[in-house]
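These notes are about the structure you will find just below.
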Amino acid sequence: MSSLSLYDTLTRTTTPFSPVIAGKASIYVCGATVQAAPHIGHVRSGVNFDILRRWLIKSGYDVTFIRNVTDIDDKILHKAIHEEMPWWALAMKYERAFSAAYTALNVAPPTYEPRATGHITQMIELMQLLIEKGAAYAPGNGDVYLDVRKLSSYLTLSRQKLDDLQPAADADEVNKKDPRDFALWKAAKEGDPSWPTPWGPGRPGWHLECSAMAHAYLGETFDIHGGGLDLVFPHHENEIAQSESAGYGFAKRWMHNAWVTQSGEKMSKSLGNTLQVAEILKRVRGIELRWYLGSAHYRSMLEYSEAALDESATAFRRIEAFLHRSVEIIGTLPTPFISSGFADAMNDDLAVPTALASISESLRTGNTAITDGNKALIVQSANEIRGALEVLGCDPFDATFAQSGGEDLTGALDGVIQLALTQRAAARERKDFAASDQIRDGLSALGITIEDTAQGPRWSISRSEGE
RNA sequence: GGUCGGGUGGCCGAGAGGCGAGGCUCAGGACUGCAAAUCCUGCUACACGGGUUCAAAUCCCGUCCCGACCUCCA
C-alpha cells in the first residue's frame, strides 16, 4: 500500500507524512470564533479536517486532535451588546450552535476542545517568556506587543515582505515600536471583561490563545496545524511568530482548506452571503451535506449552488440505496474494507474526488452483482463502499445518521405494506394491471416507493424536496 | 502596490507532458405488463495568442478574465 503524503502550505509542496513521534499524529485546527451561527464554510473546514483525522486513524495513527473555541474577542463583545446578553452567554449560545452543526454532520468531537478564556494562565506564562526573551514588550499602557522585526522567519508562511504590508489604519504609533507589531494582550477598556496580569488588567489578543493552547495540549512541536485559508495571514503568521520566539518548534506542517464560494465570492459574514447550516439541513440531510462538502478536494474552492447540492445528494442516495439493498440480500451489515484504489487516492494529499471514482466503480460492480445474484461480489462491493464512506464520515449505518426509534414502527409498517403487495402480486398474476397500478399509486401517494426487483418487490420511504 | 490561487464538456468536478477520471443532467437501448431501480451506449472538454516538444489541458512567454489575503474571517 502507498503511504500518506500531504501538502504543506509553508513549503508549497506535497511531502510524505512523518510524525514527530512514530505512530502518533498531533493536530491543532483553528476552530470558530463563536459570535454567530455557523455557515457551511465553517463546517467545510470541520468536515475536511475530520476526514484527515479519520484517514490518519484508519492508517493506524494514534491521533490527538485539538480544535479550539475562541470565546472572547471584539466581535463577541459587540455582538453581545447588540443581542442584549452577557458576552459569555452569547459565546455559549453560538458555541452550542457550532457543536450542533458538527454533530449533524458527523464531525467527531476533538480529543480536547479548549476555550480561550480557560487558558488565560497559559497565555500570561507565554507572554512572560516572550518578554524575558526580548521578543515582546509591554509599553506600559496595559498592552503587550510582539516585536515582529526581531523575528527573521516572520511572514514566511504567506511569503510576504514586512515592508510591503499596508500598516493597519488604526495602528498605535505611540506605543508600538513598529506599526506592524501586533497585540498579544489588550488593555482593559471601560465595561469590557478583563483578567489581571503583571502589566495590568486586559484581555487576550486573538493570536495568543492558539500558541498557548497548542503548547499546553500538544507540546513544543507537533505534526499538523490546520485552518481556513484566510487564517494564513495574519493569524497563523502571528502564531508562528509567538511560538518560535518562545523557542518552540511549533507546527511541522501547515494545512489550509479553501472556501465555499457563491458566485465566485467567498462566503463570509461581512459579505452577507452566508448560508447557515441549520437552513441547509432543511433541504438535505446532514449526511448529504457532509457528502457534498467533503466531495471536493479540500484545497479547491467549492462553488455552492442549490443545483450542485441536490446533484450531490442524488449521487449519494444511489450509493446509499445500494448498501441498503445489499443488506436486504445478504442479511448482515457490510464489513468496512479499504480498497487499494481508495487508499492510493487518500494517501495522495487526501484526493477525495479521485477516491470517489473508486467508489463509483465499486458501485457499478455491486449493482451488476445484484442483477446477477452474485452474492460474493455484492459483499465485496458493499464492504469497499462502506469502508470508503466510513473514512469520509458518510457511513449510513453510523449511529449518528441512523433513524432513531423507528424499529418497531418500520416492522409494523412492513407488515401492512406486505399485505398490500400481496394483493398487488395477485392482481399482476391475473394481468389486472389497473388494479396493481392502483395499489402502487396509492402507496406512492403515501410516500412509499415500490420497485419490482429480481428478488421481488421492495419498498422504501421516498424523500421529497424540502422534507 | 505586494503576495497567492484559479479559468476544464449542458452542469458539478479531478488530473498536471502520451494512456478518454468520476458524477449529475439529457438522448437512445436492454430489462419490465407499465413504471421505478439497475446496466449498456452516446454527448469527447481544457480562457485566448504565440513558443518548446515526436507528443501540450499539463511546460515556457504574452494577453484577457475571475477570486483570495495585506491586522474581523473557516
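A, B, ... follow the sequence lines: proteins, then strands. Residue 1 opens every chain. Keep in mind it's a predicted model, so treat the numbers as computed, not measured.
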- Task: For B:rC60 and B:rG6, measure between their P atoms and round to the nearest Å.
- Result: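 Taking atom P in both B:rC60 and B:rG6, they lie 13 Å apart.
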
- Query: Can you tell me how far C1' in B:rG29 sits from the matching atom in B:rG13, rounded to whole Å?
  - Reply: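 So the two C1' atoms sit 28 Å from each other.
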
- Check against side-chain contact (heavy atoms from CB on, under 4.5 Å), A:T111 and A:V63: CA-CA 8 Å; A:T111 314; A:V63 180; 5.8 Å; no

- Between A:G41 and A:L363, name the one whose nearest nucleotide on RNA chain B is closer to the 5' end.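 Result: A:L363.
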
Scan [X] against the nucleic acid and name what it touches under 4.0 Å (heavy atoms): base, sugar-phosphate only, or nothing.
| X | result |
| --- | --- |
| A:R299 | nothing |
| A:A307 | nothing |
| A:S300 | sugar-phosphate |

- Message: Tell me if the side-chain of A:D437 makes a donor-acceptor pair with the base of B:rG33, cut-off 3.5 Å, by modelled atom types.
- Response: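 Indeed there is one.
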
- Item | Quiz item: A:R440 side-chain donor-acceptor pair to B:rC34 base, under 3.5 Å |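 Under the 3.5 Å cut-off, the side chain and the base do form a donor-acceptor pair.
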
- Classify the ring geometry between A:H256 and A:W254 as parallel (under 30°), tilted (30 to 60°) or perpendicular (over 60°).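 Correct class here is parallel.
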
- Write down the atom of A:C30, the atom of A:N68, and the distance for their closest heavy-atom approach.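 Residues A:C30 and A:N68, closest heavy atoms: CA-OD1, 3.3 Å.
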
- Message: Rounding to an integer number of Å, can you tell me how far A:E384 CD sits from B:rG22 C1'?
- Response: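 Atom-to-atom, A:E384 to B:rG22, this comes out as 16 Å.
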
- Query: According to a strict under-4.0 Å criterion, is A:R318 in side-chain N/O contact with OP1 or OP2 of B:rC24?
  - Reply: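 For B:rC24, OP1 or OP2 has a side-chain N or O of A:R318 closer than 4.0 Å.
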
